[in-house]
Amino acid sequence: ALTKRVACADGIHTATNEACCALFPVMDDIQANLFDGGECGEDVHESLRLTFHDAIGFSFTEGGGGADGSIIIFSDIETNFHANIGIDEIVEEQKPFIARHNITPGDFIQFAGAVGVSNCPGAPQLEFLLGRPPATAPSPDLLVPEPFDTVTSIIARFADAGFNSSEIIALLSSHTVAAADHVDPTIPGTPFDSTPFTFDTQIFVEVQLRGTLFPGTGGNQGEVESPLEGELRLQSDSSLARDSRTNCDWQSFVGEQVKMQTQFKAAMSKLAVLGQDVSQMVDCSEVIPVPPPPVTLEAFLPAGLDMNDIEQACATAAFPILTAQPGPVTSVAPVPPS
Ligand code: HEM
Ligand SMILES: [Ca+2]
Ligand SMILES: [Mn+2]
């Protein structure tokens, strides 16, 4: 179909809606100066986490404006919430970008998340809608889930924001490009899967492996044993992979790159506009770059492990049979700090 495009004032870009033209200089700035020239590193990971921590501040019963930028506008309040530990870093890094462009914090947070994820091989091209007004109040506390929450409590919290249990698992695809800095503060940058720079399905494989060790110290709140040196497992991910309400959804993404991409994208589209009036927003998804494909498409077992190390949890389907990477057991390298 032919869509009428307008020329942007920069003389370089075109857009279906002129309002989207303003996003190109923002994108160039964050790619060069926040994401180190287009990497899928720590700042992208933190920016993706921030999209969630801003948006999930929404409740049908407790209030909260959702994806409204309140976590930046009222950072003095929200970064002190226990579940937001460490989020102050990316909040302070993003503030100067917002100051030098004409964009609201709510729009910037979701835009940076979508552009950032496009740097990760294997990710879907996320939607981006423009037009979130500035937040007028901080989010109430206790709306962001904690890694030590029970599955019952996590499902209830997401339901109170409009998400079903399948959408929770789809959103947790995000933990494929992720590491923890504060769960075990002795080992910052410890990834949740062995490929923290690739948006693959390894998170769904590796969380299903039998836990055998703590990568740093034991006894941290919200952490359970992982299968590999250098890899950290959240108690919440572990429980969701094993609970009968969510284990088949979890397993269903193993090796299913396109399914994961499709469902993550759909759930992120909902998350990014929580609490917003979509009828007042402009679709600028065309501005978001198309991510590179993953280097390897096949899901695998980490070297030295075999199918006996998988803790089958879904009662109605067998875990896909995977091949181990060659060689002896390896350890996972940390994600370097930004
Ligand atoms: C049950 C829900 C969830 C829980 C309990 C949870 C918990 C956590 C925790 C504890 C960390 C480590 C933070 C640190 O110590 O640095 C983390 C990291 C992260 N989370 Fe989640 N999370 C959840 C859902 C989500 C969702 C829905 C998204 C995005 C859509 C997300 C994206 C991320 C990312 C990208 C990181 C890595 C940040 C980095 O590497 O710096 N999480 N999450
Ligand atoms: Ca990964
Ligand atoms: Mn981090």
Side-chain angles (χ1 to χ4, degrees), residues 40-56 67 82-90 93 109-110 113-114 116-117 120-123 126 143-151 153-158 161 163 165 167-207 216 220-223 231-241 243 246 253 257 260 264-265 267-272 274 294-296 299-300 302 332 334-338:
C40 176
E42 161 74 351
D43 290 302
V44 165
H45 303 173
E46 295 280 2
S47 294
L48 177 56
R49 182 180 180 223
L50 186 62
T51 67
F52 174 53
H53 287 229
D54 189 38
I56 202 64
H82 185 270
N84 286 338
I85 184 164
I87 213 93
D88 56 312
E89 272 184 50
I90 190 65
E93 279 187 84
I109 290 171
Q110 299 304 325
V117 164
C120 304
L126 295 180
L143 298 184
V144 181
E146 294 269 20
F148 47 83
D149 287 347
T150 63
V151 170
S153 132
I154 291 168
I155 290 176
R157 174 72 276 275
F158 274 94
F163 293 90
S165 60
E167 291 170 322
I168 300 174
I169 306 308
L171 285 172
L172 282 168
S173 304
S174 55
H175 284 179
T176 189
V177 287
D181 298 313
H182 301 278
V183 175
D184 180 343
T186 68
I187 46 166
T190 304
F192 297 149
D193 76 3
S194 60
T195 54
F197 311 110
T198 307
F199 206 104
D200 55 13
T201 70
Q202 283 307 113
I203 185 74
F204 297 106
V205 175
E206 294 176 31
V207 172
N220 299 301
Q221 200 184 27
E223 182 186 6
E231 182 167 304
L232 187 142
R233 181 178 293 170
L234 295 179
Q235 185 186 121
S236 47
D237 286 350
S238 177
S239 304
L240 288 161
D243 189 280
T246 45
F253 290 126
Q257 185 75 25
M260 176 188 66
F264 176 68
K265 176 174 182 159
M268 283 300 289
S269 294
K270 264 179 84 167
L271 185 72
L274 264 191
V295 181
T296 38
F300 59 84
V332 181
V335 173
S338 55

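Heavy atoms only: backbone and side chains are in, while hydrogens, waters and symmetry mates are out. In listed order, ligands and their atoms are each counted from 1. Here, residue 1 is the first one in the sequence, and each next residue gets the next number.
- Pro191 approaches Val332 most closely through the heavy-atom pair CG-CG1, 3.8 Å.
- Remark: side-chain polar atoms of Glu46 are not paired, donor with acceptor, to backbone N or O of Ile87 under 3.5 angstrom.
- Scanning the protein for heavy atoms near atom 34 (C) of ligand 1, the closest one is Arg49 CB, 3.7 Å.
- Formation of a donor-acceptor pair under 3.5 Å by the Arg157 side chain with backbone atoms of Ile56 is found in this model.
- Between the OE2 atom of Glu46 and the OE2 atom of Glu42, the angle centred on the Mn ion (ligand 3) amounts to 70° when rounded to 10°.
- Protein heavy atom at the shortest distance from atom 21 (Fe) of ligand 1 is His175 NE2, 2.2 Å.
- The two atoms that bring Pro147 and Gly222 nearest to each other are CB-O, 3.7 Å, heavy atoms only.
- Ring planes of Phe52 and Phe158: parallel class, angle under 30° (limits at 30 and 60°).
- Using a 4.0 Å cut-off between heavy atoms, Leu172 contacts ligand 1 through its side chain alone, with no backbone atom that close.
- To the nearest 0.5 Å, atom OG of residue Ser236 and atom CD of residue Glu223 are 11.5 Å apart.
- Side chain of Gln257 to backbone of Gly122: a donor-acceptor contact under 3.5 angstrom is found.
- When you scan the N, O or S atoms of Asp193 for the one nearest the Ca ion (ligand 2), you land on OD2.
- Proximity of Pro145 to ligand 1 is established by a heavy-atom distance of less than 4.0 Å.
- The shortest separation from a heavy atom of Pro147 to ligand 1 is under 4.0 Å, placing the residue in contact.
- Nearest heavy-atom pair, Leu232 versus Phe192, reported as atom, atom and distance to 0.1 Å: O-CD2, 3.3 Å.
- Taking every heavy atom of Glu146 and a limit of under 4.0 angstrom, the matching atoms of ligand 1 come to 5 (C).
- Looking only at heavy atoms of the protein, atom 14 (C) of ligand 1 is closest to Asp181 N, 3.3 Å.
- For a distance bound of 3.0 Å, the N, O or S atoms of Thr198 include one lying that close to the Ca ion (ligand 2).
- Shown in contact with Leu171 at under 4.0 Å from a heavy atom are these atoms of ligand 1, numbered in order with element: 27 (C), 30 (C).
- Among all protein heavy atoms, the one lying closest to atom 9 (C) of ligand 1 is Leu234 CD1, 3.7 Å.
- The option from Asp237, Val183, Ile154 that lies nearest to atom 1 (C) of ligand 1, judged by heavy atoms, is Ile154.
- Closest protein heavy atom to atom 28 (C) of ligand 1: Ser174 OG, 3.1 Å.
- Ligand 1 does not have Arg157 within reach: every non-hydrogen atom of the residue lies 4.0 Å or more from it.
- Taking each of Ala180, Ala83, Ala178, Gly222 in turn, the one with a heavy atom nearest to atom 37 (C) of ligand 1 proves to be Ala178.
- Glu146 contributes a side-chain N or O that, together with a main-chain N or O of Ala83, makes up a donor-acceptor pair within less than 3.5 Å.
- Closest protein heavy atom to atom 40 (O) of ligand 1: Ala179 N, 2.9 Å.
- Separation of the Phe264 and Phe199 ring centroids falls under the 6.0 Å cut-off.
- With a heavy-atom cut-off of 4.0 Å, Met268 touches ligand 1 through its side chain alone.
- The minimum distance between the Ca ion (ligand 2) and any N, O or S atom of Asp200 involves atom OD1.
- Scanning all protein heavy atoms for the shortest distance to atom 41 (O) of ligand 1 gives Glu46 OE2, 2.8 Å.
- Distance from atom 11 (C) of ligand 1 to its nearest protein heavy atom, with residue and atom name: Phe192 CZ, 3.8 Å.
- Between Cys40 and Phe197, the shortest heavy-atom contact is O-CD2, 3.3 Å.
- Residue Ser153 forms a side chain to side chain contact (heavy atoms under 4.5 Å, CB included) with just one option from Ile155, Asp149, Val151, and that option is Asp149.
- Here Gln202 fails the criterion, with no N, O or S atom under 3.0 Å of the Ca ion (ligand 2).
- Because the distance cut-off is set at 3.0 Å, Thr201 fails to qualify as a neighbour of the Ca ion (ligand 2), as none of its N, O or S atoms comes that close.
- Atom CZ of residue Arg49 and atom OG of residue Ser47 lie 11.5 Å apart, to the nearest 0.5 angstrom.
- Residue nearest to atom 35 (C) of ligand 1, selected from Glu42, Glu89, His182, His45: His45 (by heavy-atom distance).
- Under 4.0 angstrom from ligand 1, there are no non-hydrogen atoms of Asp149.
- Centred on the Ca ion (ligand 2), the angle running from Thr176 (O) to Thr195 (O) is recorded as 80°, rounding to 10°.
- Of the N and O atoms on the side chains of Glu206 and Ser194, at least one donor lies less than 3.5 Å from an acceptor on the other residue.
- Here the closest heavy-atom approach between residue Asp200 and residue Asp193 is recorded as OD1-OD2, 3.5 Å.
- For Asp181, the N, O or S atom with the smallest separation from the Mn ion (ligand 3) is OD2.
- Shortest non-hydrogen contact noted between Ser173 and Ile203 is O-CG2, 4.4 Å.
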